[in-house]
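The sequence lines fix the lettering, A, B, ..., with proteins before strands; numbering per chain opens at 1.
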Amino acid sequence: MSRTFLGMPPFPKAAEAAVADAQLRHNLHRATRTIRRTRGRAVAEVDDWEALRAAGAAIKDRTLRHLDRYLEQLEEAVTAAGGHVHWAVDAAEANAVVTELVRATGHREVVKVKSMATQEIGLNEALAEAGITAYETDLAELIVQLAEDRPSHILVPAIHRNRAEIREIFLRAMADWGRPAPADLTDDPRALAEAARRHLRERFLTAKVAVSGANFAVAETGTLVVLESEGNGRMCLTLPETLISVVGIEKLVPTWRDLEVFLRLLPRSSTGERMNPYTSMWTGVAPGDGPREFHLVLLDNGRTDVLADAVGRQTLRCIRCSACLNVCPVYERAGGHAYGSVYPGPIGAILTPQLRGTASEADAALPYASSLCGACFEVCPVAIDIPEVLVHLRERVVEQGGRPGERALLAAASWTLGDERRLAWAQRAAGAVRSLVPRRLPLGPAAAWTDTRDLPEIPAEPFRDWWARREKEDGR
Amino acid sequence: MRIALFVTCVNDTLFPRTGQAVVRLLERLGHEVVFPAGQTCCGQMHYNTGYRRDAQRLAVRFVETFADHDVVLAPSGSCAAMVRDNYPRLAPAGSRLGRAAAEVAPRVLDLSELLVDVLGVTDVGAYFPHRVAYHPTCHGMRLLGLGDRPLRLLRAVRGLELVELPDAEECCGFGGTFAVKNPAVSAAMGWDKARNAAATGAEVLCAVDNSCLMHIGGVLRRQRSGMRVMHLAEILASTEKEAVR
Ligand code: SF4
C-alpha cells in the first residue's frame, strides 16, 4: 500500500493527536454531518431501499463465488473490443506494468482520474521514481497532491481541509505544478473551483496518457464504468491517446443489467444524490473516438486471500461509497489519517488488515478502532456486516499471540467469570476495598479510564448476595 | 409469569440497584422472579475483544444455566444482543452449543421487550416526577431493534417529563474494551454525549444498559454535572410509595 503512510503511529496514538486538533475536529464534524443528512434524505426517498441493498449484496456475492469465470469472461470481452488485459499479483507488479506502458508511449506525464486502487499500490510514487509525473485531476485529490498531504476520506480526500486552508494551498503550490492560482484568489468555493478548473484545463489539453481506476467492470461486455461529479474524470478518459485503468479484481459485475442496481445504490449512498453528474462507460477502443489504446490492469494485491476467508469475504462487496465513514463516530473524531492507510474509517478498519495482514502493531490495532456501534452496517449499501468482520479480525489478532498484559487480564476475567463461586468471591474482595479506590489510577487500562471519567462506586453488596439474603429472610 | 433473571455480571457486581429494581417491578406486576445461581457472564467482553474460546466457555455456561427457563430477562441491551445475535456465530454449526444457543437465544429478552411484547404492558404504574432524557444504546437499538418500546414505557410514567436528546442515536463511545484501548476517541464521544444530554436540561439520563451509563455517568461526574444516569428499570420501579433514591 502507498508508502506515504509508512511510519504512522498505531491508531490509538494517531487518533489521540487528531482528537486534540480542534480545527480538524471542527472540519470533520461539519463535513460528515452535512453529508450524513444528505444521504439520509436521498435514501429515504427510495421505497425499496432494503430490497435494493439485498440485491446489491447478492449480485456481489454471486460475482465473488464465480470470480474466476467472470474474470476470464471480462478478459475475453475487453480483448475482443481492442483492449489489452494485464494481470498483477501485487502492488510491485502492477506498478511495473503501468510504468512500462507509460514508458512505451514515450511520454513522461500522465493525468489521473481519482482512483483508490492506484493509491493503494502507491502508483504515483512508483511513476515518480521512473521519472514520470502523475497529475491528479479530481479537485480534492489535487488539493491533497498540491499540499503534499495524504488523503483522509475515500470520496473527499481533502475533507480535513476547510476553504481557507485550500486557498492557501492553491496560492502556495499551484505555480509549481502548472498554471498558478490568481493572486486575488478568495476562499469562495466558486473562486476555488474556477482556479482549479483553469489549472487543470491545461493539463487535459496537453496530456497524452491517462491513468484511471473504475467503479465497475462488466464481465459480459468488457465495459468499464466510472462515476464522478466533476467531469474531470471524463476529460481524462476521453482526451488522451492512451488510457490505462488499474482495477481491483472485486470490481466486477456479471452483466450489464446488474449495473442498474449499483447505479442506484452508489450515488445516493455516497454523495446523497439521486444520480451522479457524470457516468462514463467505455468498452475497449473505438476508432476516431476517445483513446486509441486501452490497457486494463487487473489487480489482486491480497484480494484472493480475502476471498478465501468465509467471514472476511463480504468485505469485497464494497463499492467504496464512503457512507460508513460519514456515519462513523470514531472516524468523525479520529479523522482519516489515523487509520494509516488509503482506506480509512470502518471499511479501512476491515480492509487494510486483510490486505496487509495483522503482523505490524499498526495493522493489528485497526480492527479495534471501533466501538462496534453498528452505524456502518446500517448504512452500507451492500450490507457488509462490518462489526462482524471487525470481531473476526480481532480473533485473528488474538490468535497470533503477543500483548501479554491484555491476555493476562482477560484470562483472569475469564477464570473469575467461569464459576459463580469465584465471581462471588471477587465481588466481596472488591467490596472490601471499595472505599480505598482512588478517583484517578496511575497505570494501564485503569488510567486510560480514569484520565477522563470517574469510576463507578463499588456497592457494599453485590446483587447475588442481596438475593441470597432476601431468600433467607423470606424463609424460602 | 415465572421470569428467570440474568442480571449480568456488570449489574451484579457494580449496579445491584438495577437488579433489585427489576425484581421489585416485576413482583409488583404480579410475576415471579427467579435467579438461577449458576449464572455469571454472557461472554460479551471476551467475544468483542477477540477471545473467542473464553467467550465460548461462558456461552456454554449461560445456555446450561438457562436451558430450563421459558423467559429470560437480561436488563442490559448489549448482553441480550450478545446472546441473540452473537451466540449463533460463536457456536460451530451443528455443535452442541449451537443447538443449545438456538434453543435459548430467542427466549432472552431486554426489559422493554419483556414488558411490552410478552407481558403486554406499557403503563407499569410508576411515578417519577423528573425531567428525563433517553439515550438509545447502540446494541439495544440496532441489534435488538427495541424501537420506541423504552420511550412508550417512559411516556406512561406519571410525573415524568420526557425530553428529546440531540443526536440521540450516536454511540456514547463506551464499546467495552474500546473505552480503554482507544481512550481518546472514547472519551471524546462520551464528552459529546454528555454535552448533548446536558443541553436538554434533564435531571436524569436514562438507558437500558448500565455499561454505557457507567461511561457517560463517569464523564458527568468528572464534569461535576448535576445530571444523574439511571437504568430504565429503576425509573419504572419507582412509585409514590417507594421512590428510588
Ligand atoms: S463498506 Fe459499505 S458503506 Fe463502507 S464504503 Fe464500502 S460499500 Fe460503502
Side-chain angles (χ1 to χ4, degrees), chain A residues 11-12 15-16 18-20 25 329-330 333-334 365 367-375 377-378 388 391 393-399 406 410-411 413-414 416-420 423 426-427 430 444-446 448-449 451-459 461-468 470, chain B residues 7 9 11-20 23 35 37-41 43 45-52 54 57-58 61 86 89 138-139 141-143 169-192 214-215 217-219 221-222:
Chain A
F11 185 85
E16 190 180 341
V19 164
R25 286 268 301 270
V330 175
R333 287 161 185 91
Y368 292 94
S370 164
S371 65
L372 302 179
C373 81
F377 178 29
E378 200 171 60
E388 179 185 33
V391 170
L393 295 172
R394 290 176 186 188
E395 287 168 359
R396 208 182 269 181
V397 171
V398 168
E399 268 163 33
E406 175 190 297
L410 273 111
S414 180
T416 309
L417 295 166
D419 183 276
E420 76 273 18
L423 174 58
Q427 287 170 335
W449 181 277
D451 279 352
T452 49
R453 295 154 284 204
D454 279 10
L455 284 167
E457 278 162 32
I458 299 169
E461 186 182 45
F463 178 84
R464 67 181 64 232
D465 288 359
W466 173 82
W467 179 270
R470 200 176 86 120
Chain B
V7 75
C9 63
N11 286 332
D12 184 6
T13 308
L14 294 173
F15 306 100
R17 272 189 326 193
T18 297
Q20 291 157 10
V23 174
F35 180 78
Q39 62 179 282
T40 55
C41 165
M45 176 177 74
H46 287 91
Y47 176 74
N48 282 349
T49 314
Y51 290 76
R52 187 183 181 86
D54 295 295
R57 273 197 292 273
L58 292 166
R61 166 172 277 272
N86 290 329
R89 270 192 262 257
C138 302
H139 292 185
M141 172 173 60
R142 298 202 177 93
L143 298 182
E169 298 195 347
E170 184 151 312
C171 177
C172 71
F174 172 65
T177 47
F178 175 77
V180 290
K181 278 176 166 288
N182 281 288
V185 179
S186 168
M189 289 162 69
W191 283 64
D192 286 347
M214 171 172 78
H215 164 75
V219 172
R221 286 233 301 274
R222 179 61 53 90

Do R453(A) and F174(B) pass the side chain to side chain contact (heavy atoms under 4.5 Å, CB included) test, and can you show the C-alpha distance, the side-chain angles, and the key distance before you say yes or no?
CA-CA 11 Å; R453(A) 295 154 284 204; F174(B) 172 65; 5.9 Å; no

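- Only the side chain of V7(B) comes within contact range of chain A, judged by heavy atoms closer than 4.5 Å.
- No hydrogens or angles considered: a donor-acceptor pair under 3.5 Å links the side chains of Y51(B) and E406(A).
- Between P183(B) and T452(A), the closest side-chain pair of non-hydrogen atoms is not below 4.5 Å.
- Residue with the most contacts toward chain B among S370(A), A430(A), A369(A): S370(A) (heavy-atom pairs, distance under 4.5 Å).
- With hydrogens and angles ignored, the 3.5 Å screen pairs no side-chain donor or acceptor of S371(A) with any backbone N or O of G175(B).
- For L14(B), the parts lying under 4.5 angstrom from a heavy atom of chain A are both the backbone and the side chain.
- A pairwise comparison of heavy atoms in G19(B) and F463(A) identifies C-CE1, 3.2 Å as the closest pair.
- Looking at every heavy atom in both residues, L417(A) comes nearest to R61(B) through O-CD, 4.1 Å.
- Note on ring orientation: taking the six-membered ring where Trp is involved, the planes of W467(A) and F35(B) are tilted (angle from 30° to 60°).
- With rounding to the nearest 0.5 angstrom, the CG atom of L423(A) is 5.5 Å from the CG atom of D12(B).
- Highest contact tally toward chain B, considering only E16(A), E461(A), Q427(A), is held by Q427(A) [criterion: heavy-atom pairs under 4.5 Å].
- For R222(B) (side chain) and D451(A) (main-chain N/O), a donor-acceptor pair under 3.5 Å exists by modelled atom type.
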Output, in order, the C-alpha distance, side-chain angles, deciding distance and verdict of side chain to side chain contact (heavy atoms under 4.5 Å, CB included) for E388(A) and R89(B).
CA-CA 9 Å; E388(A) 179 185 33; R89(B) 270 192 262 257; 3.1 Å; yes

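- Between R470(A) and Q20(B), the closest side-chain pair of non-hydrogen atoms is not below 4.5 Å.
- In this structure the side chain of P462(A) never reaches within 4.5 angstrom of the side chain of T13(B), judged on heavy atoms.
- With sequence neighbours excluded, the residues that form a side-chain contact (heavy atoms from CB on, under 4.5 Å) with T177(B) are M45(B), T49(B), K181(B).
- Comment: E170(B) engages R333(A) in a salt bridge, judged by a side-chain N to carboxylate O separation of less than 4.0 angstrom.
- Taking chain B as the reference chain and counting heavy-atom pairs below 4.5 Å, the highest number among G418(A), A468(A), A334(A), A15(A) is found for G418(A).
- A search for side chain to side chain donor-acceptor pair (under 3.5 Å) contacts involving D419(A) returns R421(A), not counting sequence neighbours.
- Between chain B and the residues A448(A), C373(A), A426(A), the most heavy-atom pairs under 4.5 angstrom are made by C373(A).
- When each of D192(B), T40(B), L58(B) is scored by its heavy-atom pairs under 4.5 Å with chain A, the top score falls to T40(B).
- Residues W466(A) and R17(B) have side chains not in contact (no heavy-atom distance under 4.5 Å, counting atoms from C-beta outward).
- Looking at R25(A), only its side chain comes within 4.5 Å of chain B, counting heavy atoms on both sides.
- In this structure the side chain of L372(A) reaches within 4.5 angstrom of the side chain of N48(B), judged on heavy atoms.
- How far CG of N182(B) is from OH of Y368(A): 11.0 Å, rounded to the nearest 0.5 Å.
- If you measure heavy-atom distances from E378(A) to chain B, the contacts under 4.5 Å come from the side chain alone.
- Side chains of E395(A) and Y47(B) form a contact here, defined as non-hydrogen atoms less than 4.5 Å apart.
- Both the backbone and the side chain of A413(A) come within contact range of chain B, each with at least one heavy atom under 4.5 Å from a heavy atom of that chain.
- Between the CG atom of L455(A) and the CZ atom of R221(B) there is a distance of 8.5 Å, given to the nearest 0.5 Å.
- Per-residue heavy-atom pair counts under 4.5 Å with chain A were compared for L143(B), D54(B), N86(B), and the maximum is reached by D54(B).
- Using a 4.5 Å cut-off between heavy atoms, V19(A) touches chain B through its side chain atoms alone.
- Contact of H46(B) with chain A is made through backbone and side chain together, with heavy-atom distances under 4.5 Å.
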